[in-house]
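By convention in this document, chain letters (A, B, ...) are assigned in the order of the sequence lines, proteins followed by strands, and residues within each chain are numbered from 1. All values below were derived from every heavy atom in this structure, side-chain atoms included, with hydrogens, water molecules and symmetry-related copies excluded. Because the structure is a prediction, the values reported are computed rather than measured.
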There are 2 protein chains.
Amino acid sequence: MKVSIKEVAKLAGCSTATVSNVINNRNKFVSESVRKKVLDAMGALNYKPNNFAQTLRKGRSNIVGFVVPDLMNYFFTELASAIQSVLTENGLQLIVMNSEYSLDKEKQYIRQSVDQYASGIIIASLAEKYSHLEDCLSDDFPAVFIDRNPLGCKKDCITINNFQAAYEATQTLIRKGHQKIGIINGTLNISTSKERLAGYVAALEEAGIALDDRLIKHRSKDRTGHEGQRLIEELLEAGITAVFIVNNQTTIKVMQYLIDRQIEIPGQIAVIGFDDYEWSSITKPSLSVIRQPTFEMGVKAAEILLKRINSPSADFQEHYVLPSKLIQRSSI
Amino acid sequence: MKVSIKEVAKLAGCSTATVSNVINNRNKFVSESVRKKVLDAMGALNYKPNNFAQTLRKGRSNIVGFVVPDLMNYFFTELASAIQSVLTENGLQLIVMNSEYSLDKEKQYIRQSVDQYASGIIIASLAEKYSHLEDCLSDDFPAVFIDRNPLGCKKDCITINNFQAAYEATQTLIRKGHQKIGIINGTLNISTSKERLAGYVAALEEAGIALDDRLIKHRSKDRTGHEGQRLIEELLEAGITAVFIVNNQTTIKVMQYLIDRQIEIPGQIAVIGFDDYEWSSITKPSLSVIRQPTFEMGVKAAEILLKRINSPSADFQEHYVLPSKLIQRSSI
DNA sequence: TTGAAAGCGCTACCAT
DNA sequence: ATGGTAGCGCTTTCAA
């Protein structure tokens with residue numbers, strides 16, 4: 001970048017202050033005729049404002065951070081893609097940061113974003129409680145939580161109705177005649193998993209089926225899903241006839257396990273997975289899944305963040321709950 | 001960010017110039033004792049240099065751009081993830097930009113990166129010829145091309161051996177007894193597709209099988225892969241017994257088409273797809289694919305870029321060709 | 001080895 | 001409505 005506001009001012013025959021006013025659409029301070037001259041000069045010189053100078057001066061950049069626990073999980077990359085598309089349209093840039101399931105890294109990235117004048121931040125958080133993050137996130141910093149809603153969260157938040165999703169999946173399996181239904185859940189310290197477990201329990205209780213602890217499994221913080229194979233093994237030993245898996249990576253691992261051992265699906269064991277992808281319909285057998293509106297979640301999160309950025313003092317706090325949906329295919 | 005170099009200088013009892021020298025490891029200008037005082041002061045105040053001020057002054061940021069044509073394609077998100085992990089370790093930040101299969105957008109993003117003092121850029125380009133980009137990319141700006149290598153490219157470049165990949169896939173199908181082998185290729189104006197077509201042709205020629213234009217299909221710039229269904233239909237009408245598909249999204253669409261119509265795989269038609277994912281082994285039947293070392297490609301691209309950034313005047317230009325591999329499963 | 005000071009490009013305050 | 005100018009936080013001469 002070589003052409004600066006000075007050259008524009010000179011060509012337009014006005015001061016740099018006026019050029020700055022034009023750039024920032026402070027139109028009431030600029031007469032229409034001067035405004036036009038400035039615009040022409042900017043065009044002629046192919047002038048682009050220097051982001052770094054603007055940021056340094058204004059104390060706010062055009063960058064938004066997105067902190068995710070796992071960039072190998074398509075769920076998060078799809079969120080990132082959706083967020084990115086909305087932000088780009090609004091002149092903002094997205095930097096994705098991978099916390100790799102470490103709360104410390106998450107906090108470090110949040111601090112980095114705040115320190116570096118980010119306009120805002122979107123967080124798929126590992127924190128069980130909002131208080132864990134309170135020291136790096138002031139009350140008036142624009143932030144939106146997505147997918148997981150830490151306990152006592154003071155920020156806007158986008159989730160799906162996880163209770164309903166798990167309830168529907170479990171109820172459907174019960175109606176198909178299953179009594180011994182296993183669940184492979186996420187780690188219990190995030191809201192998502194708690195709600196899903198609650199939905200599973202509620203459906204069983206409603207049907208008068210006694211809870212069996214041996215049928216309830218939780219992943220630890222496991223990025224590749226390998227753990228799923230050990231968990232499904234334990235569930236099979238416990239005699240399940242159906243399983244609900246709340247994570248797409250684990251679902252694949254479980255399917256691999258079952259197919260390798262030539263266990264009939266859904267004959268010997270019915271499977272409901274999580275997240276609907278293009279490939280979900282070409283598996284053997286095609287997968288029944290809870291479809292969450294991933295892209296829409298990202299879009300919504302970005303939109304809320306924009307709203308928040310534009311009125312940072314506004315006194316609203318919102319928790320949007322988007323609907324999920326059971327897609328029935330041949331695995332149940 | 002509130003604590004600046006001034007506070008550090010005051011606490012350490014030296015000038016801001018000296019602090020700056022410490023920050024930038026210009027150790028020969030700073031005595032060990034002063035250096036230690038400065039470091040202590042920085043620690044005590046929890047000082048972090050302001051990126052924007054540094055950038056404004058130095059004329060170079062710590063940001064790297066990555067331009068991709070499609071953020072819905074896992075291939076590119078995996079590349080992004082790999083690049084990001086290497087850059088983060090080296091104190092750089094990645095901004096991913098989605099050109100959405102538009103060369104104009106690609107050029108606009110390249111210009112934006114250059115204008116905004118990016119340290120460098122990695123491009124999965126749509127350009128057929130490097131000359132299309134020459135006006136936005138000066139010879140000394142650090143840039144690495146990935147996956148596709150525009151004709152006459154003056155920059156470093158990472159690809160796989162696309163010729164070999166297609167040759168191996170086609171040869172394998174021939175050895176299984178197939179004579180009428182279709183190919184669903186990408187758009188012919190990118191290097192990747194040209195090389196893959198050449199590999200396909202070479203294998204057929206070597207086996208003495210006459211080329212048949214009706215068996216060679218190209219996608220247009222189609223992001224979702226829907227076009228694949230029309231193309232496989234045409235190929236089936238042309239009487240193929242096997243098909244090689246060079247794109248993961250199209251492969252899924254073709255499989256959906258075949259499964260829906262209960263066409264036996266590999267009995268009626270054998271399939272080799274592209275890109276190996278976790279789910280490739282749980283499809284019906286499990287997919288034979290060309291596996292490309294996607295993550296390694298991203299890592300290598302980032303490493304080359306770092307090398308280039310650190311010695312911008314260096315007189316090397318490299319084209320790294322990584323190996324791909326045919327993974328045989330049940331679809332052939 | 002250290003420091004004073006100019007200035008990167010921009011915005012915002014204050015004058016006019 | 002317009003312009004002069006200080007200063008955001010930093011790096012980099014240049015002088016000491």
Checklist entry - In terms of the nearest nucleotide of DNA chain D, which residue is placed more toward the 5' end: A:T16 or A:S33? => result A:S33

Checklist entry - Does a side chain donor of either B:Y117 or A:N50 reach within less than 3.5 Å of an acceptor in the other side chain? => result yes

Item to check | Short side-chain N/O contact to C:dA12 OP1/OP2 from A:S20, under 4.0 Å | outcome: no

Next on the checklist: For a 4.5 angstrom cut-off between non-hydrogen side-chain atoms, does A:L71 reach A:V96?
Outcome noted: yes

What donor-acceptor contacts under 3.5 angstrom involve side-chain atoms of residues 122-134 of chain A, with partners at least two apart or in another chain?
from, atom 1, to, atom 2, distance (Å)
A:S125, OG, A:E106, OE2, 2.6
A:S125, OG, A:A127, N, 2.9
A:E128, OE2, A:K194, NZ, 3.4
A:E134, OE2, A:K154, NZ, 2.6

Item to check | Closest listed nucleotide, where the reference is the side chain of B:T18 and the choices are D:dG3, D:dT11, C:dT2 | outcome: C:dT2

Next on the checklist: Nearest whole Å is fine: how far is D:dG7 P from A:Q54 CD?
Outcome noted: 21 Å

Checklist outcome for this item: Regarding the side chain of A:A17, the nearest nucleotide among C:dA12, D:dC8, C:dT11 is C:dA12

Checklist entry - D:dC10, D:dG4, D:dT11: which one has an atom nearest the side-chain heavy atoms of B:A53? => result D:dC10

Checklist entry - What nucleotide among D:dT11, C:dG9, D:dC10 has an atom nearest to a side-chain atom of A:S4? => result C:dG9

Checklist entry - Does A:N21 make a side-chain N or O approach to OP1 or OP2 of D:dT2 shorter than 4.0 Å? => result no

Next on the checklist: Closest-nucleotide mapping onto DNA chain C: is B:L56 or B:V34 further toward the 5' terminus? I mean the 5' end.
Outcome noted: B:V34

Item to check | Under 4.0 angstrom between A:S31 side-chain N/O and D:dT2 OP1 or OP2 | outcome: yes

Next on the checklist: Over all strands shown, is B:V19 touching base, sugar-phosphate only, or nothing at heavy-atom distances under 4.0 angstrom?
Outcome noted: nothing

Item to check | Electrostatic pair A:K10-A:E7, nearest N-O below 4.0 angstrom | outcome: no

Next on the checklist: I need the CZ-P distance between A:R35 and D:dT2, as an integer number of Å.
Outcome noted: 12 Å

Next on the checklist: Using whole Å, what does the distance between atom C1' of nucleotide D:dC8 and atom CD of A:Q116 come to?
Outcome noted: 16 Å

Checklist entry - Given atom CZ of B:R60 and atom P of D:dT12, what is their separation to the nearest angstrom? => result 12 Å

Next on the checklist: Without decimals, in angstroms, what is the distance between A:F29 CZ and C:dT11 P?
Outcome noted: 14 Å

Next on the checklist: Measuring from the side chain of A:I5 (C-beta onward, heavy atoms only), which nucleotide among C:dA6, C:dT2, C:dT11 has the closest atom?
Outcome noted: C:dT11

Item to check | Proximity to the side chain of B:V30 - top-ranked nucleotide from D:dT2, C:dT2, D:dC10 | outcome: C:dT2

Checklist outcome for this item: In whole angstroms, the gap separating P of C:dG7 from CG of A:N50 amounts to 18 Å

Checklist outcome for this item: Rounded to whole Å, the NZ-C1' distance (A:K10 to D:dT2) equals 19 Å

Checklist entry - Roughly, in whole Å, what's the span from CG in A:N51 to P in D:dG9? => result 18 Å

Checklist entry - Do the non-hydrogen side-chain atoms of A:N51 and A:N62 ever get within less than 4.5 Å of each other? => result yes

Checklist entry - Do A:S85 and A:T88 have side-chain atoms, one donor and one acceptor, less than 3.5 Å apart? => result no

Checklist entry - Between B:R26 and D:dT11, is there a side-chain N or O to OP1/OP2 distance below 4.0 Å? => result no

Checklist entry - Looking across every strand, which nucleic acid part, if any, lies under 4.0 Å from B:T55 by heavy atom: base, sugar-phosphate, or nothing? => result nothing

Next on the checklist: Tell me whether the side-chain N/O atoms of A:S15 come closer than 4.0 Å to OP1 or OP2 in D:dT2.
Outcome noted: no

